[in-house]
Amino acid sequence: MQITPITLADVTIRLETPEPVLCTSNFRPFLGEGGGQSVRAAFSKVPVLPEVIGRAEFETVMFSVHRTEDGFVRRYRDQDGRYYAVGWTTPKGVEIRYLPWSQAYFSETHNCFSHIALEELLLLRDRLILHAAFVAVGERGLLFSGPSGIGKSTQAALWERHGARLINGDRTVLSQDAAGWRAWGSPYAGSSRCFRSEDRPVGAVVVLEQTPACAVRRLTAAEAFHRLYPQMTVNSWSSTYVERASGLLAELTARVPVYLLACTPDDRAVEVLANVLKEDNALGFEGSSL
């Protein structure tokens, strides 16, 4: 048995595999044991897949989710429609059974993680995955959220030019403790290819809109929830998942300032937003040219 520990948002996911696993470049910064919670992701080869009895609640080209007497089970299939693996969560983590001919699908950290229902493992430990670019400004984190193509990477790059540090360009993990909410880098960074294992207290979240002129306003907690919910990774087939994710998001929007930035893709957007954040004392600007 091979053990490959990957730590995300202070949760160590220990890949237990029958064959060695190559750590891909996006996971290397996260390789190693952390000091927080530990999760077991156990992979094993089997000659025959376990039978799955239950209706499909969700289906894509790659996998289907079935409701069974014991909970939700995922069945994975290749491009030819052949089922090669079955997985389900447990109190300690996740179990994956796969057929020997599909070993190539479990040869690297990246494809192993594609089979472990990461969003569910993290949510069960009170972590959210938000579609957001994450920059560090001083000692605090600033997040830019919105649908694909809205300009998250552009705004993050503009802030980099003014002294901010890019931590992640696409998928940020959020957690909460007694001090407040924290943002964490992840191995999923989109086109930015920025995979840093760093974290910061969340100073503010900014929802983006593209407009001919720049304007910013703080959203109410209800408005913020409505804007951010579509940007979360949510398993809509599970009412328990939706309820837990919604509860955490409600706590986030109640404690962290969320702004709507209608903006252009230039330095004017940085200036307008920075002025409001300074007025609200939402961020520390140490080390920044702003």
Side-chain angles (χ1 to χ4, degrees), residues 7-13 36-37 39 41 56-60 62-68 70-74 87-94 113-134 141 143-148 150 152 168 170-190 199-202 204-208 219-260:
T7 300
L8 304 178
D10 207 30
V11 175
T12 298
I13 299 169
Q37 303 179 59
V39 178
E57 298 287 342
F58 179 81
E59 197 159 1
T60 71
M62 296 178 58
F63 71 94
S64 56
V65 179
H66 299 258
R67 186 188 298 272
T68 72
D70 298 320
F72 292 104
V73 176
R74 299 190 184 203
W88 59 90
T89 56
T90 71
K92 293 184 178 180
V94 60
F113 265 70
S114 297
H115 295 84
I116 68 171
L118 176 62
E119 73 287 346
E120 186 173 350
L121 293 181
L122 291 177
L123 181 67
L124 289 172
R125 287 145 189 91
D126 295 327
R127 271 74 171 159
L128 295 173
I129 300 176
L130 184 67
H131 190 196
F134 164 26
L143 277 58
F144 294 99
S145 187
S148 296
I150 198 65
K152 298 182 296 296
N168 184 274
D170 192 61
R171 300 285 170 176
T172 300
V173 183
L174 299 169
S175 68
Q176 183 180 202
D177 57 27
W181 283 85
R182 297 192 74 84
W184 304 76
S186 84
Y188 305 99
D199 61 282
R200 296 288 192 283
V202 180
V205 180
V206 179
V207 179
L208 298 176
L219 299 175
T220 66
E223 288 176 320
F225 184 98
H226 177 74
R227 294 273 187 167
L228 292 178
Y229 186 86
Q231 307 311 320
M232 291 200 309
T233 303
V234 177
N235 293 342
S236 58
W237 58 83
S238 170
S239 59
T240 301
Y241 188 110
V242 171
E243 182 179 350
R244 188 163 187 159
S246 297
L248 288 172
L249 181 60
E251 293 177 24
L252 172 72
T253 55
R255 297 185 66 181
V256 173
V258 181
Y259 299 86
L260 176 64

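Numbers here simply count residues along the sequence, with the first being 1. These numbers were taken from a predicted model, which means no experiment stands behind them.
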Just how far is it from atom CD1 of Ile150 to atom OG of Ser145, taken to the nearest 0.5 Å? 10.0 Å

Partner set under side-chain contact (heavy atoms from CB on, under 4.5 Å) for Ala224, not counting sequence neighbours: Leu219, Thr253, Val258

What's the spacing between Leu143 CG and Arg200 CZ if we round to 0.5 Å? 12.0 Å

Could you work out, with side-chain contact (heavy atoms from CB on, under 4.5 Å) as the rule, every residue matching Asp177, not counting sequence neighbours? Ala179, Arg182

Considering all heavy atoms of both residues, which atom of Tyr229 and which atom of Ser246 are nearest to each other, and what is their separation? CE1-OG, 3.6 Å

Can you list everything that forms a side-chain contact (heavy atoms from CB on, under 4.5 Å) with Thr60? Sequence neighbours excluded, please. Phe58, Met62, Phe63

Side chain to side chain donor-acceptor pair (under 3.5 Å) filter on Asp126, not counting sequence neighbours, yields Arg244

Working to the nearest 0.5 Å, report the span between CG of Leu128 and CG of Leu130. 8.0 Å

Approximate separation, where rounding is to 0.5 Å, of Thr89 OG1 and Leu124 CG: 6.5 Å

Between the side chain of Ser186 and the main-chain N/O of Val173, is any donor-acceptor distance below 3.5 Å? no

CG on Leu249 to CZ on Phe225, rounded to 0.5 Å: 5.0 Å

Would you give me the side-chain donor-acceptor pairs under 3.5 Å for residues 230-238, sequence neighbours excluded?
{"unit_1": "Gln231", "atom_1": "OE1", "unit_2": "His131", "atom_2": "ND1", "d": "3.4"}
{"unit_1": "Asn235", "atom_1": "ND2", "unit_2": "Glu119", "atom_2": "OE2", "d": "3.2"}
{"unit_1": "Ser238", "atom_1": "OG", "unit_2": "Tyr241", "atom_2": "N", "d": "3.1"}

If you look at every heavy atom in Ala189 and Asp170, which pair is closest and at what distance? C-CB, 3.4 Å

Kindly write out the residues that satisfy side chain to side chain donor-acceptor pair (under 3.5 Å) with Arg127, not counting sequence neighbours, or none if the list is empty. none

Contacts of Tyr259 meeting ring pair (Phe, Tyr, Trp, His ring centres under 6.0 Å) (sequence neighbours excluded), chain-then-number -> none

Between Val94 and Thr90, the two heavy atoms sitting closest are N-OG1, 4.0 Å

Could you pull out the closest heavy-atom pair between Trp184 and Ser175, with the gap in Å? NE1-OG, 2.8 Å

If every non-hydrogen atom of Ala183 is compared with every non-hydrogen atom of Thr172, which pair is closest and at what distance? CB-CG2, 3.8 Å

In short, Ile13 meets Ala41 closest at the heavy-atom pair CG2-CB, 4.2 Å

With sequence neighbours excluded, what pairs up with Arg255 under the salt bridge (Lys or Arg N to Asp or Glu O under 4.0 Å) test? none

For the pair Trp88 and Arg74, evaluate side chain to side chain contact (heavy atoms under 4.5 Å, CB included) and give the outcome as yes or no after the intermediate values. CA-CA 6 Å; Trp88 59 90; Arg74 299 190 184 203; over 6 Å; no

Contacts of type side chain to side chain donor-acceptor pair (under 3.5 Å), residue Glu251, not counting sequence neighbours: Gln176

Using side chain to side chain donor-acceptor pair (under 3.5 Å) as the criterion, list what pairs up with Arg227, not counting sequence neighbours. Glu209

Under the ring pair (Phe, Tyr, Trp, His ring centres under 6.0 Å) test, which residues partner His66, sequence neighbours left out? none

Taking the side chain from Lys152 and the backbone from Phe134, do they hold a donor-acceptor pair closer than 3.5 Å? no

Test your reading of the model: is there a side-chain donor-acceptor pair from Thr7 to the backbone of Asp10, 3.5 Å cut-off? no

Can you measure from CG (Leu8) to CZ (Arg125) and round to the nearest 0.5 angstrom? 12.0 Å

